[in-house]
Amino acid sequence: MQLQSFGAALTVTGSMHLLTVGERRVLIDCGLFQGNDDLEARNREPLPFDVAALDAVILTHAHLDHVGRLPLLVKLGYRGPVHCTEPTAALAETVLLDSARLQVDGYRHDLRRARRQGIPDEQVPPPLYEEEDVHRALALLRPALRFGETTRVAGLRVTPHRAGHILGSAYLLIEGGGTRLIMSGDLGNRESGLQLDFTPPPPADAAVLESTYANRTHRPWAATLAEFRDALRGAVRQGGKILIPSFAIERTQTILHTIKNLMDAGEVPRIPVFLDSPMAARATHEYFEFGDELIPEVRSALQAGEDPFRPGTLHVVPTSAESQRINRYDGPAIILAGNGMMTGGRIQHHLKHHLWKPSTSLISVSYQSPSSLGGRIVTGADHVRVMGEEIAVRAHVYTIGGFSAHADQDDLLAFLATAGTPHVWLVHGEPDVMESFLPVLAARGLKGDLVPDRQPVDLTGPGYPDGRPPGFTAPPPRSGSHGGE
């Protein structure tokens with residue numbers, strides 16, 4: 001088995017892994033790069049393989065950094081099947097249509113600005129894809145993967161198991177060429193406030209493992225709840241808006257469920273809660289249909305016909321005009337808006353209007369890439385650029401790390417505990433984080449290696465003497481919050 005990664009190698013975004021077994025070529029995930037300009041520029045680079053020669057694509061879950069380049073793949077000529085679980089197919093439709101809309105809207109905005117400046121239209125990069133490309137991609141989805149059931153994909157035996165990351169998320173046991181491989185996708189936090197734990201994996205020869213939080217452990221769930229409750233109480237005392245940037249899938253539902261419980265128990269005041277994310281509102285509907293993946297408390301509420309994601313003071317904000325009116329609302333209010341890293345979406349409008357006010361509170365509950373707008377805010381920047389304008393950061397900033405939907409170091413080690421002694425290949429992590437995990441693996445008798453960017457590796461070969469690809473130089477460790485997608 002040979003692996004070549006064209007995303008999420010030596011970085012935490014853009015997951016795309018080409019698996020070659022003999023003459024068979026299967027792409028695992030097809031994600032969009034998100035983050036700084038250099039990362040996002042990689043979305044426009046030509047794919048260095050023959051798209052039409054792929055036998056199949058398999059999606060591990062529906063986050064944009066795992067599915068966001070699928071319409072581009074189809075636009076470039078891919079016409080084969082795209083295998084996934086049923087919840088992943090449902091969520092991917094919401095995620096990809098939203099992505100296309102944002103790209104087209106952004107292109108039109110940039111085009112108007114360029115014309116005002118006398119810049120020729122052809123110098124404005126077009127959207128990567130549009131809605132019609134998304135619909136062509138959705139037509140290729142084959143949502144027949146079932147947890148624990150083996151399916152033949154391009155001659156390989158593929159068995160998905162529950163990953164516990166978001167709704168429909170799966171890790172894959174792939175068997176072929178005499179090798180058993182685990183592709184982890186993104187693994188969940190075993191103290192999730194929403195998802196059931198991942199299923200322990202069977203023994204394997206090799207494991208391609210996400211490593212987002214391989215250098216740390218999350219706070220216990222009880223401590224996270226107390227920290228979030230205290231942050232909300234303090235924010236209410238400030239008297240201003242309470243901004244909670246949040247990813248639309250899993251994080252928003254977890255936060256809504258938590259706020260509802262805290263308000264129902266009288267632990268935080270019943271102030272207005274605005275869900276300013278149409279995508280999150282649409283995604284929440286899928287949780288009613290696929291509630292069997294959720295923790296017993298939430299599953300029981302759904303079975304009883306209750307809405308566990310609706311605080312009594314919730315207002316869903318469908319339009320941009322209504323979103324703008326929130327900023328004129330007097331008094332404290334919670335505003336949940338996308339996106340989690342604050343790199344786009346409606347949260348930017350609220351940051352522009354409120355980040356400079358000392359009465360404002362910003363509660364970060366999501367992963368913050370060091371180079372993202374959110375990363376700069378939580379690491380103490382006194383000014384940031386929001387929608388083309390320099391904004392002072394005078395809001396009170398809280399960072400709550402325990403809501404992470406990603407496995408921490410203890411979770412990753414627990415996952416590997418039942419997998420035998422696989423050769424562990426690390427992806428989906430910052431280089432310094434992955435490098436620090438190598439001796440932890442070695443102490444448990446496991447050979448670990450960092451997957452190089454775009455270079456092929458033999459998954460059952462010897463790897464690298466020190467676990468680091470040739471020419472690898474780790475950047476210095478970064479400070480800041482890693483809250484999880």
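Quick caveat, the model's predicted, so the values are computed rather than measured.
- Not one N or O on the side chain of R69 forms a donor-acceptor pair closer than 3.5 Å with the backbone of L72.
- A donor-acceptor contact closer than 3.5 angstrom is absent between the side chains of Q409 and T217.
- Distance check, rounded to the nearest 0.5 Å: CG of D186 to CG of N189 gives 12.5 Å.
- Shown here for L412 and A407, the closest heavy-atom pair between the two residues is CD2-CB, 3.8 Å.
- In the model, E322 has a side-chain atom that pairs as donor or acceptor with a side-chain atom of T319 under 3.5 Å.
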Applying side-chain contact (heavy atoms from CB on, under 4.5 Å), run through L27 and L73 and close with a yes or a no.
-> CA-CA 11 Å; L27 197 66; L73 193 76; 4.0 Å; yes

Step-by-step salt bridge (charged side-chain N to carboxylate O under 4.0 Å, His left out) determination, E45 to R454 = CA-CA 12 Å; E45 294 179 0; R454 294 174 257 205; 2.9 Å; yes

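- Relative orientation of the Y287 and F309 rings is perpendicular, given thresholds of 30° and 60° on the angle between their planes.
- Although no hydrogens or angles enter the test, the distance criterion places no donor-acceptor pair under 3.5 Å between the side chain of S211 and the main chain of M434.
- Side-chain contact between P308 and L302 is present, with heavy atoms from C-beta onward closer than 4.5 Å.
- Cation-pi contact between R251 and F247: absent, since separation from the ring centre below 6.0 Å together with deviation from the ring axis within 45° is not met.
- Between the side chain of Q368 and the main chain of G340, a donor-acceptor pair closer than 3.5 Å is present.
- Within a 6.0 Å sphere centred on CZ of R468, other residues, nucleotides and ligands contribute more than 12 heavy atoms.
- With S372 contributing its side chain and G375 its backbone, the two residues share a donor-acceptor pair below 3.5 Å.
- T254 and E250 share a donor-acceptor pair across their side chains, judged by distance under 3.5 Å alone.
- Side-chain atoms of E210 and H406 include a donor-acceptor pair closer than 3.5 Å.
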Evaluate side-chain contact (heavy atoms from CB on, under 4.5 Å) for V397 paired with V378, printing each intermediate quantity in order.
-> CA-CA 7 Å; V397 178; V378 301; 4.3 Å; yes

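- When all heavy atoms of G193 and H257 are compared, the closest pair comes out as O-CD2, 3.9 Å.
- Residues Y171 and F198 place their aromatic rings such that the two centres sit no closer than 6.0 Å.
- Note on E131 versus R101: no salt bridge recorded, every NZ/NE/NH1/NH2 to OD/OE distance being 4.0 Å or above.
- Here the closest non-hydrogen pair linking R190 and A414 is NH1-CB, 3.4 Å.
- In terms of heavy atoms, A62 sits closest to I166 at N-CD1, 3.9 Å.
- Looking at K352 and H349, their side chains never bring a donor and an acceptor atom within 3.5 Å of each other.
- Distance alone, capped at 3.5 Å, is enough to place a donor-acceptor pair between the N43 side chain and the F33 backbone.
- Between the side chain of N339 and the backbone N or O of M341 there is at least one donor-acceptor pair closer than 3.5 Å.
- In D37, the CG atom is not crowded: 12 or fewer heavy atoms of neighbouring residues, nucleotides or ligands sit closer than 6.0 Å.
- A donor-acceptor pair under 3.5 Å is absent between the side-chain atoms of Q195 and the main chain of S192, judged by distance alone.
- If you look at W221 and F228, their ring centroids are not closer than 6.0 Å.
- A salt bridge does not link E132 with K75: every distance from a Lys NZ or Arg NE/NH1/NH2 to an Asp or Glu carboxylate oxygen is 4.0 Å or more.
- Side-chain contact between V273 and H315 is absent, with no heavy-atom pair separated by less than 4.5 Å.
- Pairing each heavy atom of V134 with each of L96, the nearest pair is CG2-O, 3.5 Å.
- D276 and S323 form a side-chain donor-acceptor contact under 3.5 Å, judged by distance and modelled atom types alone.
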Evaluate the side-chain contact (heavy atoms from CB on, under 4.5 Å) criterion for residues R394 and D382: first the C-alpha distance (whole Å), next the side-chain angles of each, then the deciding distance (0.1 Å), finally the verdict.
-> CA-CA 7 Å; R394 297 199 179 98; D382 55 8; over 6 Å; no

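- At a threshold of 4.0 Å, the pair R115-D110 does not count as salt-bridged, since none of the basic side-chain nitrogens sits closer than that to a carboxylate oxygen.
- Nearest heavy atom pair, residue V427 against residue A8, reads CB-O, 3.2 Å.
- Although no hydrogens or angles enter the test, the distance criterion places no donor-acceptor pair under 3.5 Å between the side chain of K241 and the main chain of L351.
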Run the numbers on L256 and Q253 for side-chain contact (heavy atoms from CB on, under 4.5 Å), then give the verdict.
-> CA-CA 5 Å; L256 287 173; Q253 292 76 29; 5.7 Å; no

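- Counting only N and O atoms by type, the side chains of T399 and S364 include no donor and acceptor under 3.5 Å apart.
- Contact check for M279 versus L97: no side-chain heavy atoms found under the 4.5 Å cut-off.
- Aromatic pair H396/Y398: centroids less than 6.0 angstrom apart.
- Of the possible polar contacts, none joining the S277 side chain to the A337 backbone as a donor-acceptor pair under 3.5 Å is found.
- With a 4.5 Å cut-off on side-chain heavy atoms, L140 and Y78 count as touching.
- Residues H165 and H63 place their aromatic rings such that the two centres sit under 6.0 Å apart.
- In terms of modelled atom types and a separation under 3.5 Å, the side chain of R162 and the main chain of D197 share a donor-acceptor contact.
- With a 4.5 Å cut-off on side-chain heavy atoms, H350 and I326 count as touching.
- Residues H66 and H17 keep their aromatic ring centres 6.0 Å or farther apart.
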